Structures are given as C-alpha cells and as structure tokens.
Engineer: 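Handing you this structure, nothing more for now.
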Amino acid sequence: IRHLQDGGERPALVYRDLGRAAQQIKSALNGLNQHAAEWEVLSYAALHDACTTRCQQWDAKGVKAGDGLCIVSALDRELLIALLSGLRMGLTVTVLPPSGPDFLKRRIAAIPKAHISCNQRYASLLRPFLNRCLFVEDLPPPALAFASATSSLTCDAEHPALALFSPHRH
C-alpha cells in the first residue's frame, strides 16, 4: 500500500496482477506485446466503492456483525478488499494463504462457523468447506445501500477483530 500523489486520485494500492503479468510476458515473448507486466493502481475512491459493494453482497448473503470470516487469498487486491470489508462489517477476520488443501483443512477446522471468502480458483483446495464459501464470482449484485448495525466502526474490547494463526500458539 502506498500513499502517492501525482495529480489525480491518490492510489491506495499499487500492485501487479501476477496472472495477467504471466499472460503479458508470454505475449511479449511471442512478439505480440511490447509491454511486460505493468503495475495496476487502486485509488482510495475505488477501494471504498469496492468495499461498500462487498459489504452489500455479504449482507445479502446473511453475513452479520460478530460472524467469523476466513479470507483465503494470495497477497493481492482481493485480499485487501475482503479484509477491509470484513473489518468494516464487524466480522472476526482470519487470513490464510492458499497453501494447499491439508494446510487449509487444519486451520479452517479450527474456526468451524466462519464464512470463507475466496476466488473460485481455490475451490479444489476447499472441498470439505464448499458449503461455507462465499466465492467472489458468485456474490449477488449489491443492494441499494449498506447500513452498519452500529454507528461505531470499533469492536468491543472482549471481541477479537483479527484472528491470526501462529506456530507458537497451542
């Protein structure tokens, strides 16, 4: 995440889409494209709109404040949108990298009631938990407006806002 100012909207995130980058590199090697992987920019306004839309979509699926949310994502735009949307809705958020089915099975089993936010491409890693998955591609169109259940965007002291898996934790 970078805070930059260059005449237009300030970018909230400057990143490379590695899937798209691989396609561009293949095209460049075949002489079809002279530009290799370019950086993409997500402005604060676009990030706010994406998070608002995601909150509306999850709200339509019955996700509510206090629920658990496990985000299975690589370090990319989707992770940022899901994380900020989850915190905005008052969810208890756990973030896991898509590091294989055994890795995910053990960790997701420890959070039995959490919704799982991920892209469809990770479905094969999440077979035992498909009924809990909120695939980004399958989310409904957003409703008219998202209204938070509380006027505060903070959590009570006794409720966790972010759950982290640690190899040192028993």
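A quick note: this is a predicted structure, and the numbers were derived from the prediction, not measured. Scope of the values below: all heavy atoms of this structure, side chains included, with no hydrogens, waters or symmetry mates.
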Engineer: Which atom pair, heavy atoms only, marks the closest approach of C70 to I111?
Structural biologist: CB-CD1, 3.7 Å
Engineer: Rounded to the nearest 0.5 Å, how far does CD of Q56 lie from CG of L139?
Structural biologist: 11.5 Å
Engineer: Taking all atoms of both residues into account, what is the closest heavy-atom pair of C51 and L84, and its distance?
Structural biologist: SG-CB, 3.8 Å
Engineer: CZ/R88 to CG/L83 distance, rounded to the nearest 0.5 angstrom?
Structural biologist: 13.0 Å
Engineer: Quick one: are V136 and R54 in side-chain contact, heavy atoms under 4.5 Å?
Structural biologist: yes
Engineer: Which heavy atom of A50 sits nearest to which heavy atom of I81, and what is that distance?
Structural biologist: CB-CD1, 3.7 Å
Engineer: For L79, is there any backbone N or O sitting under 3.5 Å from a side-chain donor or acceptor partner on D76?
Structural biologist: yes
Engineer: Tell me if a side-chain donor or acceptor on R132 pairs with a main-chain N or O of A114 at a distance below 3.5 Å.
Structural biologist: yes
Engineer: Any idea which heavy atoms bring Y122 and A74 closest together, and the distance?
Structural biologist: OH-N, 3.8 Å
Engineer: Would you sort out whether L125 and F103 count as a side-chain contact (heavy atoms from CB on, under 4.5 Å), showing the intermediate values?
Structural biologist: CA-CA 9 Å; L125 301 175; F103 174 87; over 6 Å; no
Engineer: Indicate whether the side chain of R107 and that of T94 have a donor and an acceptor atom separated by less than 3.5 Å.
Structural biologist: no
Engineer: About how many Å separate CG of D49 and OG of S43, when rounded to the nearest 0.5 Å?
Structural biologist: 7.5 Å
Engineer: Please give me the minimum heavy-atom distance between F129 and A109, naming the atom from each residue.
Structural biologist: CZ-N, 4.1 Å
Engineer: Work out which heavy atom in D59 is nearest to a heavy atom in M89; give both atom names and the distance.
Structural biologist: N-CE, 4.1 Å
Engineer: Treating N119 as the side-chain partner and R121 as the backbone partner, does any N or O pair qualify as donor plus acceptor under 3.5 Å?
Structural biologist: no
Engineer: As an exercise, state the distance from NZ of K64 to CG of L91, rounded to the nearest 0.5 Å.
Structural biologist: 10.0 Å
Engineer: Would you mind reporting whether L126 and I108 have side-chain heavy atoms less than 4.5 Å apart?
Structural biologist: yes
Engineer: How far does OG of S117 sit from CD1 of I71, to the nearest 0.5 angstrom?
Structural biologist: 6.0 Å
Engineer: Look only at the side chain of Q120 and the backbone of E137, and say whether a donor-acceptor pair between them is shorter than 3.5 Å.
Structural biologist: no
Engineer: Find out whether V93 and V95 are in side-chain contact, i.e. whether some heavy atom of one side chain is under 4.5 Å from a heavy atom of the other.
Structural biologist: yes
Engineer: Taking atom OG1 of T53 and atom CH2 of W58, what is their separation to the nearest 0.5 Å?
Structural biologist: 12.0 Å
